[in-house]
Amino acid sequence: MLKTFTKGGIHPKESKFSAGNKIEILPLPKTVTIPISQHIGAPAEPVVAKGEKVKVGQLIAKSTGFVSANVHSSVSGTVVKIDEVSDTSGYKKKAILIDVEGDEWMENIDKSTDLIKDIKLSSEEIVAKILESGIVGLGGATFPSHVKLFVPQGKHLEYLIINGVECEPFLTSDHRLMLEKGEELMIGVSILMKALKVSKAIIGIENNKPDAIKYLDELSKQYSGIEVAALKVKYPQGGEKQLIKALINREVPSGGLPIDVGAVVHNVGTALAVYEAVQKNKPLFERIVTVSGDKLEKTANFLVRIGTHVHELVSAIGGMPYGTGKVINGGPMMGKAITTLEVPVTKGTSGILLFPEKESKREEIQSCIRCAKCVSICAMGLEPYLLMTLSEKGLWDRLEESNVTDCLECGSCSYMCPAHRPIIDYVKYGKSTVIKNIKSRKN
Amino acid sequence: MSNHILTISPSPHIYTSSSVKSIMYGVIIALMPALLVSLFYFGLGALVVVLIAVLSCLIFEWLIAKFLLKVTPSLTDGSAIITGLLLAFNVPSNLPWWIIVIGSLVSIGIGKMTFGGIGNNPFNPALVGRVFLLISFPVQMTSWPKPIVSRLAYTDAITGATPLGVVKEGIKNGESMSGLMGQLPSNLEMLIGNMGGSLGEISAIAIIIGGVYMLIRKIITWHIPVAMLGSVFLFSGILYLANPDVFVNPLFHLVTGGVMLGAVFMATDMVTSPMTKAGMLIFGAGIGILTVIIRDFGAYPEGVSFAILIMNAVVPLLNKIKPKRFGEVKKNG
């Protein structure tokens with residue numbers, strides 16, 4: 001029996017069309033737009049001015065707090081503007097616009113592909129390096145990684161868990177990374193283990209990637225303390241709490257953090273970025289992005305410089321097909337629909353999906369027939385139909401009592417609803433209101 | 001490319017192919033084996049009753065939606081067809097057409113549309129209609145055509161008692177249980193459906209086939225049927241062991257009357273059953289116990305309809321039972 005989490009879960013069509021597409025380097029764009037806020041937490045502060053020349057890997061915006069992250073230039077060229085521009089969220093946010101000239105990297109970056117196994121840096125130096133390199137969670141949550149390398153006083157860490165689940169349909173960037181950068185990944189995991197002073201690491205991978213499981217399992221024999229675990233395919237297994245439950249059978253308490261059960265979770269993409277930062281002195285300025293969708297002629301996994309506009313990725317697969325109705329930044333379950341292709345790829349962009357018109361519109365909303373599907377599939381054991389009604393009616397106190405704050409926002413309830421009710425829309429709205437209320441009570 | 005208009009909506013961007021319609025038509029398909037058995041044993045009568053019930057339910061739903069509620073009628077969702085089928089399944093195959101029409105009006109009108117239509121009714125609509133008819137027309141509602149011999153008859157069918165009726169009447173008249181058992185069809189015949197009864201309830205086998213189909217399609221879960229059948233078996237078994245001269249054996253309870261139809265198709269009605277697994281188990285067990293109480297101690301030989309309606313009323317209370325949350329932390333703990 002394969003491991004998985006026990007409560008709820010769904011199995012949407014996997015649609016991993018790009019799983020066989022090798023990682024391709026996307027040609028350099030003519031211009032990039034690099035937002036100063038690509039992470040959860042305080043936006044970074046620009047340290048370059050208009051007209052200034054920058055190199056690849058140069059710090060262009062500095063972290064402004066503990067929960068914040070540095071931003072580096074992904075190209076060499078001239079800063080043409082620092083302005084408010086729309087990002088993938090649709091909101092205007094401050095960004096640094098750079099015109100590309102050549103491809104001149106900072107001298108201290110090791111551009112070679114040589115594998116460096118020997119970890120010379122101490123734990124403290126590793127954490128400092130990760131902080132300096134602007135590394136954030138590359139699974140999509142973009143939480144600054146260095147924050148998760150501090151074990152709070154009184155807590156005991158037992159397991160480093162590496163998330164190679166990639167449970168969102170369509171996305172294959174982590175899958176390709178595990179296949180093509182397996183050794184770098186393993187060293188990255190070892191570096192994280194050293195930083196965290198932990199002796200056990202488990203890489204969790206869903207069973208729809210048997211090639212990655214086999215390859216990494218083979219590699220893991222050369223690295224002490226790293227174990228590869230195959231998981232049954234089930235969404236939302238890539239959620240931290242679900243993954244911890246699946247791998248070590250512990251439940252993170254409601255309102256708590258993974259460290260409360262002795263675990264910390266990092267994504268495979270993050271582990272690779274850690275390898276590159278620590279061993280190659282290369283800050284985070286590029287990532288792997290899946291370009292896929294329904295009924296596309298070509299799909300791809302591109303290595304993309306941060307700040308590249310989405311239209312460059314779409315052009316590279318032959319342009320937007322006639323009748324495209326929706327473009328999604330991220331996976332189909334939790335990703336955001338974007339209004340225009342003139343938005344930049346950021347640290348959190350795991351995929352760009354193109355959906356035809358027919359699959360872009362929602363079905364007509366019908367009455368709830370109380371089928372109880374949403375209750376039985378909720379991975380957090382909540383009652384989504386009830387949360388929706390309470391949110392619709394503005395009953396915030398009852399919504400809070402009903403533990404709306406536990407919601408992962410994984411969208412399984414809306415996915416499963418046969419009456420096509422926008423359950424998760426209302427739950428998210430209600431959850432944000434309740435969180436605001438809780439904060440204002442504390443003040 | 002800039003003139004391309006893109007759709008914006010919050011996630012998720014993909015959905016299951018299941019819909020209210022596909023669920024409803026799934027239930028209709030699941031009802032077909034029982035319908036075929038009914039047509040085999042009751043012939044013309046069964047056909048007439050089913051057609052009148054389904055048609056009148058559709059017509060009443062359309063009329064009420066259009067002229068009273070002033071909403072777009074949603075006949076295509078299949079729910080009115082199910083109400084019609086289940087109402088027909090719960091009446092004798094010789095019921096006069098006008099009584100069926102009244103039953104349909106009560107089912108759809110009072111049972112469903114008064115509360116706002118699909119999804120909003122607290123009670124199973126077909127059972128609301130059925131119980132209304134049972135109380136209003138007790139004679140017509142308890143005259144049971146004999147299977148096979150009545151195939152070409154409708155209201156002129158030759159009638160007889162149901163096995164439950166035989167037992168109830170016999171015990172009241174002080175007959176011995178072993179003597180009564182001799183008057184009943186064999187267990188195998190009762191399992192297949194060769195006995196008197198409401199037209200869709202007779203064949204336990206056909207109903208179970210429909211139930212398995214719904215389980216495979218994930219239209220229902222096992223919780224309600226298993227809890228209900230289990231509690232009927234357990235409770236009637238205890239009574240039987242206590243006094244086998246007065247109380248009939250538990251297997252007889254399972255295959256006669258509306259227990260199987262109720263467990264698989266009536267109690268599992270999504271709209272009127274609880275939302276959590278724990279609630280479903282209590283709901284099913286409650287129906288089972290009430291059924292046996294009514295059958296063994298009440299005035300009516302059969303109690304499934306009443307039991308389900310009573311437990312329907314308890315559903316809002318059962319929905320207070322919360323599912324166990326992930327990482328639940330006990331308060332003050």
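All chains are named by letter (A, B, ...) in the order of the sequence lines, taking the proteins before the strands, and each is independently numbered beginning at 1.
Interface summary for chain B: among A:Gly411, A:Ala337, A:Pro332, the most heavy-atom pairs under 4.5 angstrom belong to A:Pro332. Your options are B:Ser74, B:Ser17, B:Pro274, B:Pro12, and the one with the most heavy-atom pairs under 4.5 Å with chain A is B:Pro12.
Closest approach of A:Pro253 and B:Val329 over heavy atoms only: CB-CG2, 3.7 Å. Residues A:His420 and B:Ser18 come closest through the heavy atom pair CE1-O, 4.3 Å.
Partner of A:Glu357 under the side-chain contact (heavy atoms from CB on, under 4.5 Å) criterion, chosen from B:Leu6, B:Ile5, B:Thr7: B:Thr7. Remark: of the listed residues B:Val271, B:Asp269, B:Asn120, B:Val271 is the sole one forming a side-chain contact (heavy atoms from CB on, under 4.5 Å) with A:Ile369.
Of the atoms belonging to A:Lys241, heavy atoms from both backbone and side chain fall under 4.5 Å from chain B. Neither the backbone nor the side chain of A:Pro422 comes within less than 4.5 Å of any heavy atom in chain B. If you measure heavy-atom distances from A:Ile424 to chain B, the contacts under 4.5 Å come from the side chain alone. In this structure, the portion of B:Lys277 lying under 4.5 Å from any heavy atom of chain A is its side chain and not its backbone. With a threshold of 4.5 angstrom between heavy atoms, A:Leu353 does not approach chain B through any atom at all. With a 4.5 angstrom heavy-atom cutoff, A:Cys371 touches chain B via backbone and side-chain atoms both. Heavy-atom distances place both the backbone and the side chain of A:Ser414 under 4.5 Å from chain B. When heavy atoms are compared at a cutoff of 4.5 Å, A:Tyr385 approaches chain B solely by way of its side chain, counted from C-beta outward. If you measure heavy-atom distances from B:Ile23 to chain A, the contacts under 4.5 Å come from the side chain alone. Interface residue A:Glu359: only backbone heavy atoms are found under 4.5 Å from chain B.
Residue A:Lys13 qualifies as open at atom NZ: its count of foreign heavy atoms under 6.0 Å is 12 or below. Heavy atoms from other residues, nucleotides or ligands lying under 6.0 Å from NZ of B:Lys322 number more than 12.
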Could you walk me through whether A:Glu383 and B:Asn319 pass the side chain to side chain contact (heavy atoms under 4.5 Å, CB included) check?
-> CA-CA 10 Å; A:Glu383 296 167 284; B:Asn319 281 341; 5.8 Å; no

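Between the side chain of B:His13 and the main chain of A:Gly335, a donor-acceptor pair closer than 3.5 Å is present.
Judged purely by distance below 3.5 Å, without hydrogens or angles, the side chains of A:Lys428 and B:Ser11 pair a donor atom with an acceptor atom. Remark: the A:Lys326 side chain and the B:Ser9 side chain contain an N/O donor-acceptor pair separated by less than 3.5 Å.
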